[in-house]
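Proteins get letters first, then strands, A, B, ... in listed order; numbering begins at 1 in each. Note that these values count all heavy atoms, side chains included, but never hydrogens, waters or copies made by symmetry.
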2 protein chains.
Amino acid sequence: MLRLAVPYHHGDLRVALLDAAEELVRSRGVDGWSLREASAQVGVSPSAAYHHFASRDALVRALSHRILSRIGTAVRDASAAFDDPGSRIVAIGQTYVRFALDDPAVWRLAFGVDDPEAPISPHPHDILAAELDRLDLGGAVFLLWAAMHGLAALLADGLLRFDDPAAVDVEADRLVRAVLSGLAGQPGPWPTVRSAYTDRQ
Amino acid sequence: MLRLAVPYHHGDLRVALLDAAEELVRSRGVDGWSLREASAQVGVSPSAAYHHFASRDALVRALSHRILSRIGTAVRDASAAFDDPGSRIVAIGQTYVRFALDDPAVWRLAFGVDDPEAPISPHPHDILAAELDRLDLGGAVFLLWAAMHGLAALLADGLLRFDDPAAVDVEADRLVRAVLSGLAGQPGPWPTVRSAYTDRQ
DNA sequence: CACGCTATTTGAACGGTGTTAAGATTGGCC
DNA sequence: GGCCAATCTTAACACCGTTCAAATAGCGTG
């Protein structure tokens with residue numbers, strides 16, 4: 001039977017739903033959309049999604065997973081452009097923060113999910129940890145992560161806004177270097193830390 | 001007519017709804033509850049809430065407002081126990097972060113709301129800003145705020161966990177002092193910054 | 001090529017949600 | 001004491017996530 005526009009079997013409904021959901025998140029906010037809406041946008045009935053995701057929450061979890069690894073990749077690539085550890089870490093921070101500013105709702109969704117169903121690779125946290133190890137500051141990753149994450153969160157939530165768009169890079173740089181230099185004297189001991197990511201390796 | 005248990009007019013339905021919603025948030029998460037549930041818990045029909053809040057979202061906004069000013073008060077009181085600016089700022093950071101750890105869902109709701117309908121007093125950000133002014137670091141409030149906020153957010157979201165409960169205070173102290181000392185050399189210039197709070201004064 | 005098996009999708013239905021409108025009840029004020 | 005505005009209820013609406021049986025499509029096997 002001739003069925004050009006709407007074949008009964010969708011090519012790859014799973015990623016089509018993820019794409020639609022991501023775009024809805026981008027335009028309407030983390031929770032300003034419904035599963036039914038995403039299904040309709042893909043041209044499929046509401047219940048079709050349930051053969052690819054156990055629930056709406058599972059879709060959101062999968063989307064978070066996809067975004068986190070996208071951020072991880074961006075962060076890894078950005079750091080690869082430099083040689084000295086300081087600049088590499090600054091590049092990580094800038095990329096991390098800029099993502100939050102450029103795509104706030106998507107960033108919020110990515111980090112708003114409690115437990116990822118599968119290990120995320122590469123995870124931005126791990127990229128940062130690898131760099132800090134080279135500076136013998138491995139135990140303090142979480143402090144630098146917190147600083148970056150806080151700046152990103154304030155920007156993503158609109159609690160903080162720069163007049164000058166270029167200020168993001170400047171200030172991310174300043175914050176990262178401030179924490180690094182402020183930590184330089186401290187030899188630890190660092191606390192034992194757990195995270196959703198370190199737990200699963 | 002005798003009507004002891006359930007008078008037709010509730011005493012103060014507005015704060016009763018806020019209390020119920022806060023407790024629901026605490027036990028079931030930021031979004032794991034409904035307006036109908038909160039109404040039922042207070043012993044009132046679902047539509048009664050609409051005489052005190054324009055929508056569920058307005059309730060959440062009002063709740064966020066209440067919590068933010070509670071955090072502001074806690075932060076102000078904590079800083080008042082010390083004299084030197086450094087310790088005062090550390091106390092602010094510790095209180096801010098500990099709130100996030102102790103009451104994660106409520107903390108998330110408080111900061112997850114886009115625009116507060118009325119100025120928040122005292123706002124934690126303003127308390128911090130006042131202290132930094134005394135150190136001639138007024139332009140850098142947002143960097144210290146970011147660091148504190150990031151540590152708080154990671155703990156509230158469960159992305160970071162300390163094995164030792166006492167570690168929170170130690171690490172918040174360490175982070176705040178690291179940023180302060182790392183910033184000490186920098187004279188600026190600081191960027192022009194806007195926030196949901198600075199905008200409305 | 002036909003058959004049947006499995007994955008995929010549909011359609012209809014369920015309970016629960018936020019929200020609205022019209023009517024009942026109440027407390028306070030003249 | 002009687003009216004008025006505020007408060008609350010009841011009933012209804014459209015929409016939501018989710019489930020289940022039935023319809024459809026693609027694919028390997030005979």
**Request:** Using a cut-off of strictly less than 4.0 Å, decide whether A:Ser47 has a side-chain nitrogen or oxygen near OP1 or OP2 of D:dT18.
**Result:** no
**Message:** Looking at D:dC8, I'd like to know if its phosphate oxygens (OP1 or OP2) sit under 4.0 Å from a side-chain N or O belonging to B:His52.
**Reply:** yes
**Request:** Go through D:dT9, D:dT18, C:dT20 for me and flag the one nearest to the B:Tyr50 side chain.
**Result:** C:dT20
**Message:** Between A:Glu23 and A:Arg28, does any side-chain N to carboxylate O distance fall below 4.0 Å?
**Reply:** no
Could you state the [atom1]-[atom2] distance from [X] to [N], rounded to the nearest angstrom?
X	N	atom1	atom2	value
A:Trp33	D:dG17	CH2	C1'	11 Å
A:Asp31	C:dT17	CG	C1'	14 Å
B:Leu35	D:dC8	CG	P	14 Å
B:Glu37	C:dG15	CD	C1'	14 Å
B:Asp57	C:dG18	CG	P	11 Å
A:Arg36	D:dA14	CZ	C1'	11 Å
A:Phe53	D:dT18	CZ	C1'	16 Å
A:Arg56	D:dC15	CZ	P	17 Å

**Request:** Measure the CG-CE distance between B:Leu143 and B:Met148 for me, rounded to the nearest 0.5 Å.
**Result:** 12.5 Å
**Request:** Working to the nearest 0.5 Å, report the span between CG of A:Asp103 and CD1 of A:Ile67.
**Result:** 7.5 Å
**Identified ring pair (Phe, Tyr, Trp, His ring centres under 6.0 Å) partner of A:Phe111 from the options A:Trp145, A:Phe99, A:Tyr96** = A:Tyr96
**Complete:** Ranking A:Ser34 and A:Ala54 by the position along DNA chain D of their nearest nucleotide, the one closer to 5' is A:Ser34
